[in-house]
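Reviewing the structure listed below.
A, B, ... follow the sequence lines: proteins, then strands. Residue 1 opens every chain.
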Amino acid sequence: MAAKLSAVVDVHHCNISYPSDKNQPPHFTASPLRISTKRFTIFCTSSKSPPKTAPGKAESKKRKTPSLSEQLKPLSNTILSDQPNESHQLLSKPKSIWVNPTKPKPSVLSLQRQKRSSYSYNPQIRDLKHFAKKLNDCHPADDAAFQAILEEIPHPPNRDNALLVLNSLRSWQKTLLFFNWIKTLNLFPLETIFYNVTMKSLRFGRQFQHMENLANEMIENGVELDNITYSTIITCAKRCNLFDKAVQWFERMYKTGLMPDEVTYSAVLDVYAKLRKVEEVMSLYERGRASGWKPDPVAFAVLGKVFGEAGDYDGIRYVLEEMKSVGVQPNLVVYNTLLEAMGKAGKPGLARSLFEEMLDSGITPNEKTLTALIRIYGKARWAKDALELWDRMRLNGWPVDFILYNSLLSMCADLGLEEEAESLFEDMKGSESRKPDSWSYTAMLNIYGSGGNADKAMRMFEEMSDKGVELNVMGCTCLIQCLGRAKRIDDLVQVFESSVDGGGIKPDDRLCGCLLSVVSYCEGEDVNKVLACLHKANQNLVAFIKSLEEEDTKFENVKQEFKGILSNTAVDARRPFCNCLIDICRNRNLRERAHELLYLGTMYGLYPGLHTRTEEEWRLNVRSLSVGAAHTALEEWMQTLTKLVQRREALPEVLSASTGAGSHKYSQGLANAFASHAEKLAAPFKLREDKAGGLFVATREDVISWVQSRAASLASIA
DNA sequence: GTAGGGTTAG
C-alpha cells in the first residue's frame, strides 16, 4: 500500500474493496490516469466548420478536484450496499445495512478504546520529581554529569519510581538515556508502558528512527505493542512526513491481529488527510461507520480539514450533516477547522453564519478562530464584516496573539485600509511582545505597494534594514510592483539586486510574474533593465519573450516553448504569466502573437469559463484577464460572431461580456478599458448600470446589424 | 508534555 500512496488515483475509476480476511487493512485499487482527449476551441462557432485557430487537442494537465458525490459514487457502488433502490445522493446519510447475513459485518476498528492501567499514588513523588528536575537541568552534552546524577537516585529505581521519572524527563535524549539505564539495571521486566512513555518523548523530538528501533526491540523481546504504541508511532511518522512508514505500521497492526481503536484510526485518517487523499479518507471513514463506529469531534475535524484543503464545499456540508446525524456537537477545534475549510472553499458568507452559530452555541472564539475569519473577510474583500469583527474582538475582549495581529495587518492590505494598518502597526511597535516582524513589514509593503505609494514603501524598506528585519520574497514582490508602477526602474533594479544577490531571496514565480508585468508596460531602455533582472530569475522566460518578437518564429515553436514554460511554473502563476505575455505582445504591436497566446492559454486551461453559453445568452467572462488579454478575447469573439452572422447561424437573444467590478480598490481598470475598446470597434455593448459586476450587454439584433454595417463598410473600403 | 488522535499567516 505504501507504493500505492504515491500512485495517481483516478477517482472515477477507483475501486475500493473489502479484504476477504478481516485482518487486512482497507486497501484501494486504482486504474491508471486517463488523459482527456476532448477537443476544444476558444469560442465554439458551430459543428459544421471549426475556426481555423483550433487545431489542437486539449493538453491541460490540471485536473479538477472531484466533488464529494463523484468520490462517493465508486464507494457507494462497491462497498456500501445500503438502500439498493435509492441512488446514493450527496449528503444522504450512509446507513450501513449489511445485506448478506451469512457473512459477518467486516470490522475495521475496535469500538472499545484501549484501556489504560491505573496509576497508584507514589509517596516518593516529591523526591523523584526533584531528582527528575536535576536530570532535566543537567547540561545536554554532559553525559558524565548525567550518569553521576543517576547514581544519586533518592529511592530504589523500581517499576513505579522509574516510570514516574521517565514521565518527567523533557528532552528525548535524556528520556532515552534514562530508559537505557533502567534497562541495564535489569530489576524488572520492561512492560509496554515503558516503551510508550519513551516513545512519546521521542515523538516530541521527532526522532522516528529511534522510535522505530524501539518498536523493533519490542517485537524482538516479545513485548506487546498496543494501540497506544501504534498511534504514537503513526503520529510520529506523520510529523516527520514519513507517510509510508505511518501506513506501514498501521498495516502491521491488522497483520498481527490487533484492531485499531478510534484513536489510532483517526490518527491514520489524518495521515491520509495530510496526503490530501480525499477518497482514501472517505473510504476509511465509511468503513469505520459500517463497523458501527460513532465518530467523535476529532474525527470530524480531520474530515473537515481534508475537504477544506480540497476546497470542496459539498464535502464540508457533508461533514456538518454527518455530525448532526451522529449527534455530535462541534467543539471549538471542529468549528475552527470548518471555518478554515469554508474559507478555502471560497464561502465567506457560510463561514460567517457558521461563526454566529458557534457563538450561539456558547463557544468563545480563540485566536485561531478569529485569524481564520479575519483572513476570510480580507480575501473576500468584505470590509464591513472585517471591521465589524475587529470591533467585536475589542468589545468582547476576545483573545489576540501575534499571528492575529499580523493577520489583521494583512487584511488591511487586502482591503486597502491604509490608516487602520498604520495605527495598528504603530501599536505593535509600541508593544513589547508584538514587535513587527517580516510578516508585519510585508503587509505594510503590500499596502503601500498596492496603493501606489512608492515613497512610503521605500521608507518601510529602509526601516526594515535599520531594524534588521529581513525582507522576504513576498515583500520584495510588493516593493518591485510598486516601484515598477511608479516607473522608478533604477530603484527597482537596486531593490532586486540587493535582495536577490545580497539578501538571499530566491525569486519565485510570483516575483517573475511581477517583473513580467513591469516589462509589459515600461518603455525604452527600462525594458532591458527589467529584462536583465528577469533573466537572473528565469532565463527561459526572457528567451521566450525574445522569440515572440521575432517574425519568423512559427506557431508550433511558440506552442512548444510556452508549454515548457507553463509546466515549469507554479499553477497559481500560470495565468498571470499568460496575461502579461499577451500584454507585452499587444504593447509591441504583435497582435497575431497575442491571439496565439490567448488561444494557447485557453487550451492549457488557464481561462476556464472564458465563454459560457445558455440557450438565451452567450457570455464572455474576462474578469480574470489583463487589459490586453481582454482586448484580444473581445476581438476574437467579434470575429467569431461575425462569422456566425455571415453564415446566418442561430444566435441567442442576449450577448454579454462580464469584466467584473474590480472589487479591489486598485483594480478598476478593466471595465473602462473594455468600454473604450468596444467603442473603438463601434460594438453595440452597453454597460448595464443596474447590474453590479461590470456587465456589458447587446441584443442579438444589435449584434447582427453591427456585423452587417461593418461588412458593408469593409466592402466599401475594398 | 498526565502512555495515544484534530485547529492559526502571503
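- Contact check on Glu340(A) versus Lys368(A) returns no salt bridge, with no Lys/Arg side-chain nitrogen under 4.0 Å from an Asp/Glu carboxylate oxygen.
- Counting atom types as modelled, Thr337(A) pairs no side-chain N or O with a base atom of dT7(B) as donor and acceptor under 3.5 Å.
- In this structure, Asn167(A) reaches the dA3(B) phosphate: one of its side-chain N or O atoms is under 4.0 Å from OP1 or OP2.
- Residues of residues 201-216 of chain A that place a heavy atom closer than 4.0 Å to DNA chain B, in numerical order, are Ser201(A), Arg203(A), Phe204(A).
- In this model, a side-chain donor or acceptor of Thr264(A) finds a partner on the base of dG4(B) within 3.5 Å.
- Distance, Gln112(A) CD to dG5(B) P: 20 Å, rounded to whole Å.
- One can place CD of Glu340(A) at 6 Å from P of dT8(B), the figure rounded to the nearest angstrom.
- Side-chain to base pairing of Asn336(A) with dT8(B): no donor and acceptor N or O lie closer than 3.5 Å to each other.
- Whole-Å rounding puts the Ile505(A) CD1 to dG10(B) P distance at 18 Å.
- Contacts between residues 224-234 of chain A and DNA chain B, counted as heavy-atom distances below 4.0 Å, involve Asp226(A), Asn227(A), Ile228(A), Ser231(A), Thr232(A).
- Side-chain nitrogen and oxygen atoms of Lys238(A) include at least one within less than 4.0 Å of the OP1 or OP2 phosphate oxygen of dG6(B).
- Distance check on atom C1': dA3(B) versus dT7(B) gives 24 Å, rounded to whole Å.
- Looking at Asp261(A), its side chain comes within 3.5 Å of the base of dG4(B) through a donor and an acceptor atom.
- Look at CG on Asn196(A): it is 14 Å from P on dT2(B), rounded to the nearest Å.
- In the interface, the side chain of Arg116(A) is paired with the base of dG4(B) through a donor and an acceptor atom under 3.5 Å apart.
- For Thr442(A), whose side chain is taken as the heavy atoms from C-beta onward, the closest listed nucleotide among dG10(B), dG6(B), dT7(B) is dG10(B).
- When the C1' atom of dA3(B) is taken as reference, atom CG of Leu163(A) falls 8 Å away, rounded to whole Å.
- Remark: the Arg375(A) side chain and the dG10(B) base include no donor-acceptor N/O pair separated by less than 3.5 Å.
- For the residue pair Val278(A) and Phe307(A), the shortest heavy atom distance occurs at CG1-CE2, 3.6 Å.
- The salt bridge (charged side-chain N to carboxylate O under 4.0 Å, His left out) contacts involving residues 467-480 of chain A comprise Glu463(A)-Lys467(A), where partners must be two or more places apart or lie in separate chains.
- Side chain Asp414(A) to base dG10(B): no donor-acceptor pair is found below 3.5 Å.
- If you take atom P in dT2(B) and the same atom in dG6(B), they sit 13 Å apart, rounded to whole Å.
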